Amino acid sequence: MYTAEAKNLRYKEGKDIELKIQTNRPLLLPSAMALTGLLCAVLALAAVQIANAVPQHNKRFACADGHITSNEVCCQLFPLVDQLQSDLFDGGECGEEAHESLRLTFHDAIGFSPTKGGGGADGSIIVFSDIETAFHANGGIDDIVDAQKQFMASHNVTINPGDFIQLAGAVGVSNCPGAPRLEFLFGRPPPAAASPDLLIPEPFDTIDTILARFSDAGFNASEVVALLGSHTVAAADTIDTTIPGTPFDSTPGLFDTQVFIEVQMRGILFPGTGGNQGEVESPVPGEIRLQSDSELARDSRTACDWQSFANNQAGFQTAFRAAMQKMAIIGHDRNSLVDCSDVIPVPEPLPATAGPHLLPDSVQGDIEQACATAPFPVLAALPGPATSVAPVPPS
């Protein structure tokens, strides 16, 4: 005879499940068949209760304002997104603040090294702005840092600055037709300290130095090229201070592949004074070219990746989204964050009139072939005479 005592089955996934079998009565040893049946029944009951306890990740939550999201904690972000669009991004434009907010996501996140320290995408560039905006590599970034700090103060923003920077960057680039809809994960802790200096690559660095810095942060050469595709919606204010707002390609309001084409074209002039550190000749007036972009387009380790995006909008979107997804959580465990990607607006596609092309009055021979394994795609030039690229206007 045996006496059965209380037995507890616990399953931990947000809560415990307790299954109790208790009796003080003498029990007769059941037959093997009966015991097997009893055990199956017990396990079946436990399995039902366990299944009911597992969080249902496919649930949808209706927020008080009518938005639908995958997690109720994300509801607080929808009003913030609306305020970003109306008050920071001038009603949802792919303009200077959108461009600079995207730049800020990188400059905050890349401040991380397994050996030198830094918190990655933690908002330290805002919290410790007096320190980090003084870094040489952060030249000109104080404008968007100040704008975002002022926005957070005037709108009583309570989310941590690391979350705010990545949210603003994802919302800002969503205003650029052709952009992918970026992932946004929520719940980064506040920064503990300023990032160390010299972790942000500079446009005058060698390709060896740039690739080594990115590798230290966890990125391969292909991901570097994808990330720097962000220059398709970017402009320079401090490379040549005489011509602020000078874009890196001819279509800075579109998230297209023109930067991969135009950086591969033969440089013939400087748009401003020339002789500036980190600048090389560009193919057309009004467009500035970074030394680092030019060399990445021509280095054997990266040239074919660079060329691969020239007429591959979908491939560029996919690669950029994946690289940004990785960059946005440098220094964090993605399993500790909440996926609130559904608060990010869906970008408009490129207009029908857009598409990969050579600049007006140029020919295929103006392309400087660098990839050794495939020819550069054959592209037609836009009709008309050579023109000058207009600067990105300040907001």
Side-chain angles (χ1 to χ4, degrees), residues 69 71 73-81 83-84 88-89 97-114 116-135 137-138 141-174 181-197 199-200 213-214 216-219 227 230 321-344:
T69 179
N71 193 305
V73 75
C74 306
C75 290
Q76 63 185 292
L77 300 176
F78 286 105
L80 179 55
V81 169
Q83 291 171 336
L84 281 168
L88 185 63
F89 299 134
E97 276 75 20
H99 300 172
E100 289 298 306
S101 291
L102 181 59
R103 181 189 179 208
L104 188 60
T105 64
F106 169 73
H107 281 246
D108 184 52
I110 201 65
F112 168 85
S113 168
K116 298 177 182 177
D122 61 356
S124 65
I125 199 169
I126 281 182
V127 175
F128 303 99
S129 57
D130 289 347
I131 298 173
E132 294 194 30
T133 59
F135 298 164
N138 283 333
I141 212 163
D142 54 320
D143 288 343
I144 191 61
V145 169
D146 290 344
Q148 290 196 8
K149 287 174 70 174
Q150 182 178 351
F151 180 96
M152 294 179 74
S154 62
H155 292 77
N156 297 315
V157 174
T158 58
I159 67 174
N160 284 328
D163 283 334
F164 182 80
I165 288 173
Q166 297 302 323
L167 177 66
V171 173
V173 78
S174 77
R181 189 188 195 190
L182 298 184
E183 178 183 72
F184 174 67
L185 302 184
F186 183 44
R188 295 165 184 79
S195 167
D197 196 1
L199 294 182
I200 301 169
R213 172 74 274 272
F214 273 100
D216 182 55
F219 293 85
L227 283 173
S230 62
R321 186 181 192 277
M324 285 291 295
Q325 178 177 309
K326 186 173 178 179
M327 188 201 71
I329 59 169
I330 293 176
H332 304 286
D333 177 6
R334 70 176 294 116
N335 293 322
S336 68
L337 305 175
V338 178
D339 191 346
C340 291
S341 302
D342 46 20
V343 309
I344 306 301

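Worth saying up front: this structure is predicted, and the values here are computed from it rather than measured.
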Can you give me the closest heavy-atom contact between [X] and [Y], atom names plus distance?
X: Leu199; Y: Gly117; value: CD1-O, 3.9 Å
X: Ile165; Y: Gly123; value: CD1-CA, 3.8 Å
X: Cys74; Y: Val343; value: O-CG1, 3.9 Å
X: Ala217; Y: Phe112; value: CB-O, 4.3 Å

Backbone N/O of [Y] and side chain of [X]: donor-acceptor pair under 3.5 Å:
X: Arg213; Y: Ile200; value: no
X: Asp197; Y: Phe135; value: no
X: Asp142; Y: Thr133; value: no
X: Asn160; Y: Gly162; value: no
X: Arg181; Y: Asp342; value: yes

Does some side-chain heavy atom of [Y] sit less than 4.5 Å from a side-chain heavy atom of [X]?
X: Gln166; Y: Glu183; value: no
X: Leu77; Y: Thr69; value: no
X: His155; Y: Leu80; value: no
X: Arg103; Y: Thr105; value: no
X: Asp108; Y: Ser124; value: yes
X: Ser113; Y: Pro196; value: no
X: Leu167; Y: Ile344; value: yes
X: Asn71; Y: Phe186; value: no

Counting only pairs under 3.5 Å, give me each side-chain donor-acceptor contact of residues 145-153, with atom names and distances, residues two or more places apart or in other chains.
residue: Gln148; atom: NE2; partner: Ser101; partner atom: OG; Å: 3.1
residue: Lys149; atom: NZ; partner: Ser129; partner atom: OG; Å: 2.9

- [ ] Just say parallel, tilted or perpendicular for the rings of Phe214 and Phe219, cut-offs at 30° and 60°.
- [x] perpendicular
Task: Given Met327, Lys326, His332, the one that forms side-chain contact (heavy atoms from CB on, under 4.5 Å) with Ile330 - done: Met327
Open item on the list: I'd like to know whether CG of Asp130 has more than 12 heavy-atom contacts from other residues, nucleotides or ligands below 6.0 angstrom.
Closed with: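 Open: at most 12 neighbouring heavy atoms sit under 6.0 Å from CG of Asp130.
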- [ ] List the steps, then state whether side chain to side chain contact (heavy atoms under 4.5 Å, CB included) holds for Leu102 with Met324.
- [x] CA-CA 10 Å; Leu102 181 59; Met324 285 291 295; 3.8 Å; yes
What's the separation between atom [atom1] in [X] and atom [atom2] in [Y], rounded to the nearest 0.5 Å?
X: Cys340; Y: Phe184; atom1: SG; atom2: CZ; result: 6.5 Å
X: Asp333; Y: Leu185; atom1: CG; atom2: CG; result: 10.5 Å
X: Asn138; Y: His107; atom1: CG; atom2: NE2; result: 6.0 Å

Open item on the list: Under the criterion side chain to side chain contact (heavy atoms under 4.5 Å, CB included), I'd like the reasoning laid out for Gln325 against Arg334: C-alpha separation, chi angles, the key distance, then a yes or no.
Closed with: CA-CA 10 Å; Gln325 178 177 309; Arg334 70 176 294 116; 3.9 Å; yes
Task: Pairing of Asp122 and Arg188 as salt bridge, 4.0 angstrom limit - done: no
